[in-house]
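This report concerns only the one structure given below.
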Amino acid sequence: MHISKLQIKNFRSFENLAIDFRPGLNLIVGENNIGKTHVIDALGLVFAQGSERRDIYPRKEDIRHDSKGQSLTDGFDIIVTLEGIPKEQIGWYIPMLVPNDGEGVARLTYQYRKVPGRDRYAPKLWGGEHEGPQVESALVASIREVLLPPLRNTSTELRPGRNSRTAALLVRISNEEGQGKVVDVMRRANDEINKLEPIARAAYLIDEGLKEISGPSLAQASSLVLSEPKFSRIAQSVETLLRKRDGKEDETFDVQENGLGYNNLLYAATVLAELTNATTDDVDMGLLLIEEPEAHLHPQLQAPFVQYLREQAANDKIQVIATTHSAVIASSVGVENTIVLHRDFATPQLDSVLAKPLEECNLGGEEKRMLFRYLDVTRSCLLFARGVILVEGISEMLLLPKLAQAVDSAYDLKKCAVSLLCVDGLSFRPFYQLFRANNLRIPCSVVTDGDPPEEEDEPGARVKLIQSEMDGAAACFAAKRTLEYDLALAGNLKLMLARFRALFPKTKPDLEKAIAEAVTEEEKSQVLSSAIRPRHKALLAHDLLEQWEQHGKSLKVPDYIAKAVRHACGAKA
């Protein structure tokens, strides 16, 4: 049983957003302020209806509104579809079933509307295909939701008390017989401790004080105990103590002395243990919602934590939906587990947000495996971008940000949230496939050498294949020959020749003469670019950038670079 679809209408910044989820782990990524938190809060509103601990409540301000704060509609709707309800549990979920959508499919609709005749709003949660009576909280409680918010200090919920997660775990996993044994032990412990001099003495002094204050006839009798002998109170008094793996058993320390990162891991392990081990007649499904699991965790702990979430979510009763800004976490999760929230570059004026699981990006099995291997910490940044530029090598990586600003001062790639990624000898295809038709609607520029055959001006076969596959948000921008050739041809030949000679004084001693003897600018550019061997390219690019930034010797921008920058930054042709 799992949430298969979420539809959000007129909630906060979303006009109409639909997200498909899979069983197990789902990771939502995307740029800042795209609405990842809104997704978690929308689910929280629905399933908090059956929770003993409410983390979130609806507000009028949650209704989609304009820049002046005026509501654009009369309320909002959150619709959740559940699939995979076991046959033996179908009867329990009859008020929620949607038979037309298939066997074992249910739907919950959360509406927030103004109360007729009143100046206030109220929520309503109903099940099934058509609006009906309010769904009972006991039914919603069969799906147990737990939220791990961002920037949390979990030590307070790990300590003894009514809100202790440890207490919730103990209550959830214990049966009546086990609880009775714990209560018996506590009674005996209370009896024994009251025989000890300090405890007995303190209890006597308290009793005497009560008699002095209220008189013998009105005074209450008191006793000092470790805990009231009721299981719920005992569970609330249980405290988690920690010790280092190689430490002695008596060398323990309190969670308050532990780091925030490790307390987050402890908290998550406790919650997942509670959800995983919940009795079947109590909870049919556990839903763990996590905002920014990377909070307080250094990179070396982020990847193992995600792996732990994935393993726990393999349990048929657990579904994890998390959001992240961490490229470490994004690179640790499989393509099939990742959902990208992004704006549609084709309609930027509408600020419409789309949700696309990478699994639905028309990738073949081998392409999925390649993409998962290729999306390391650096390249995973493309999942958080508003635009993407894919380049072949380090020379383009060094020069392109500066060239972009030469196209237009507004095209600062960092401020435009454009990710510049070097495929570094890998195939472009697994990357640009993500941005083709019906996939991610994020503008992607593939910047590549033209590689024409000798004595020809047409692009080579490799480039033609890439160009033939460009559709949707992906576009290919090829040099006439190479970056160095096109840079020289754009009007930079004199500067490039001077810097090449300064860097490599003994290379091609007759280079200046050969360039002087060439007739056309194309021939001169070809002579220079042919002299620049692969081992020269990165150093020359670095030197040209240094001359530009330190000495004001700017470069003129080749046309294909300018077009690639405009496309990635969302400019219309």
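Computed from a predicted model, the values in this text were never measured in an experiment.
In this structure, the side chain of Gln302 engages the main chain of Leu297 through a donor-acceptor pair within 3.5 Å. One N or O on the side chain of His342 and one on the backbone of Val340 form a donor-acceptor pair closer than 3.5 Å. Not a single donor-acceptor pair under 3.5 Å links the side chain of Thr323 to the backbone N or O of Ile28. The closest donor-acceptor contact from the side chain of Gln7 to the backbone of Ile19 lies at 3.5 Å or more, if one exists at all. The backbone N or O of Glu469 lies less than 3.5 Å from a partner atom in the side chain of Arg436, making a donor-acceptor pair. The backbone N or O of Arg22 lies less than 3.5 Å from a partner atom in the side chain of Asn26, making a donor-acceptor pair. Using modelled atom types, one side-chain atom of His567 and one backbone atom of Ala473 make a donor-acceptor pair closer than 3.5 Å. Remark: the backbone N or O of Ala303 is not paired with any side-chain donor or acceptor of Ser332 at under 3.5 angstrom. Formation of a donor-acceptor pair under 3.5 Å by the Asp101 side chain with backbone atoms of Val98 is not found in this model.
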Requested in this report: Might you work through the salt bridge (charged side-chain N to carboxylate O under 4.0 Å, His left out) test for Asp41 and Arg12, ending with a clear yes or no?
Outcome: CA-CA 10 Å; Asp41 285 349; Arg12 298 183 184 169; 2.7 Å; yes
Query - Glu292 and Thr324: CA distance, side-chain angles, deciding distance, side-chain hydrogen bond (donor to acceptor under 3.5 Å, both in side chains) verdict - result: CA-CA 5 Å; Glu292 301 173 19; Thr324 187; over 6 Å; no
Query raised in the report: Going through the distances and angles, do Asp449 and Glu396 end up as a side-chain contact (heavy atoms from CB on, under 4.5 Å)?
Result: CA-CA 10 Å; Asp449 292 342; Glu396 290 89 346; 4.0 Å; yes
Requested in this report: Please test Asn439 against Glu360 for side-chain hydrogen bond (donor to acceptor under 3.5 Å, both in side chains), starting from the C-alpha separation and ending with a verdict.
Outcome: CA-CA 7 Å; Asn439 294 343; Glu360 297 178 8; over 6 Å; no
Query raised in the report: Step by step, would you call Ser164 with Gln236 a side-chain hydrogen bond (donor to acceptor under 3.5 Å, both in side chains)?
Result: CA-CA 6 Å; Ser164 165; Gln236 291 171 15; over 6 Å; no
Requested in this report: Please test Thr448 against Phe477 for side-chain contact (heavy atoms from CB on, under 4.5 Å), starting from the C-alpha separation and ending with a verdict.
Outcome: CA-CA 7 Å; Thr448 181; Phe477 303 92; over 6 Å; no
Report task. Determine, stepwise, if the pair Tyr262 / Leu301 fulfils side-chain contact (heavy atoms from CB on, under 4.5 Å). Result -> CA-CA 9 Å; Tyr262 277 98; Leu301 275 178; 3.9 Å; yes
Report task. Determine, step by step, whether Gln319 and Met285 satisfy the side-chain contact (heavy atoms from CB on, under 4.5 Å) criterion, reporting the C-alpha distance in whole Å, the side-chain angles of both residues, the deciding distance to 0.1 Å, and the verdict. Result -> CA-CA 8 Å; Gln319 188 173 25; Met285 171 188 159; 3.2 Å; yes
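Test Ile321, Val320, Ile318 against Leu25 for side chain to side chain contact (heavy atoms under 4.5 Å, CB included) and you get one pass: Val320. Just one of Tyr112, Tyr110, Phe76 meets the ring-ring contact (aromatic ring centres under 6.0 Å, His included) condition when paired with Phe11; it is Phe76.
Two residues are said to be in side-chain contact when any heavy atoms from C-beta on lie closer than 4.5 Å; Leu148 and Leu289 fail this criterion. Residues Phe431 and Leu375 meet the side-chain proximity criterion, which asks for heavy atoms closer than 4.5 Å. With contacts defined as side-chain heavy-atom distances shorter than 4.5 Å, the pair Ile143/Ile3 does not qualify. Side-chain atoms of Phe435 and Leu382, non-hydrogen and from C-beta on, do get closer than 4.5 Å to each other. A heavy-atom distance below 4.5 Å is found between the side chains of Leu371 and Leu363. The closest side-chain heavy-atom distance from Ile561 to Leu400 is below 4.5 Å. Side-chain contact check for Ile40 versus Leu147: some heavy-atom pair is nearer than 4.5 Å. Inter-residue side-chain proximity for Arg386 and Val418 is flagged as unmet; no heavy-atom pair is nearer than 4.5 Å.
Asn16 CG to Leu354 CG: the interatomic distance, rounded to the nearest 0.5 Å, is 10.5 Å. Annotation: the span from Leu341 atom CG to Leu383 atom CG amounts to 11.5 Å, rounded to 0.5 Å. In this structure, Arg64 CZ and Ile8 CD1 are separated by 13.0 Å, a value rounded to the nearest 0.5 Å. Note that CZ of Phe384 and OG of Ser419 are 9.5 Å apart. Values are rounded to the nearest 0.5 Å. A distance of 10.5 Å separates OH of Tyr560 from SG of Cys476, quoted to the nearest 0.5 Å. Note that CZ of Phe47 is 10.5 Å distant from CD1 of Ile78, once rounded to the nearest 0.5 Å.
What you find for Pro293 and Ile329 is that their closest heavy atoms are CG-CD1, 3.7 Å. Between Val333 and Arg310, the closest heavy-atom pair is CA-NH2, 3.5 Å. Heavy atoms only, all atoms of each residue included: Ala478 and Gln467 are closest at CB-NE2, 4.1 Å. Residues Cys422 and Met397 approach most closely at CB-CG, 3.5 Å, considering heavy atoms. Of all heavy-atom pairs between Val29 and Ala330, the closest is CG1-CB, 4.4 Å. Considering all non-hydrogen atoms of both residues, Tyr308 and Ala269 come closest at OH-CA, 3.6 Å.
Residue-environment remark: NZ (Lys5) stays at or below the threshold of 12 foreign heavy atoms within 6.0 Å. Taking a 6.0 Å sphere around CD of Glu103, one finds it holds 12 or fewer heavy atoms contributed by other residues, nucleotides or ligands. Within 6.0 Å of the NZ atom in Lys563, the count of heavy atoms belonging to other residues, nucleotides or ligands does not exceed 12. In this structure, His542 places its NE2 atom where only 12 or fewer heavy-atom neighbours from other residues, nucleotides or ligands lie under 6.0 Å away. Counting non-hydrogen atoms of neighbouring residues, nucleotides and ligands closer than 6.0 angstrom, the CG atom of Asn175 exceeds 12 such neighbours. Other residues, nucleotides and ligands contribute over 12 non-hydrogen atoms within 6.0 Å of the CG atom of Asp408.
With salt bridges taken as basic N to acidic carboxylate O contacts below 4.0 Å, one links Asp451 and Arg462. A salt bridge between Lys9 and Asp77 is absent, with no side-chain N of the basic residue lying under 4.0 Å from a carboxylate O of the acidic one. Taking 4.0 Å as the cut-off between side-chain N and carboxylate O, Lys537 and Glu484 count as a salt-bridged pair. The pair Arg343-Glu31 meets the salt-bridge criterion, since a charged nitrogen lies less than 4.0 angstrom from a carboxylate oxygen. Contact check on Asp254 versus Arg159 returns a salt bridge, with a Lys/Arg side-chain nitrogen under 4.0 Å from an Asp/Glu carboxylate oxygen. Using a cutoff of 4.0 Å between basic side-chain nitrogens and carboxylate oxygens, Lys356 and Asp20 are not scored as salt-bridged.
Looking only at atom types and distance, the side chain of Ser4 has a donor-acceptor partner in the side chain of Glu83 under 3.5 Å away. Between the side chains of Asn438 and Asn362, not a single donor N or O lies within less than 3.5 Å of an accepting N or O.
Taking the six-membered ring for Trp, His38 and Phe14 have ring centres closer than 6.0 Å.
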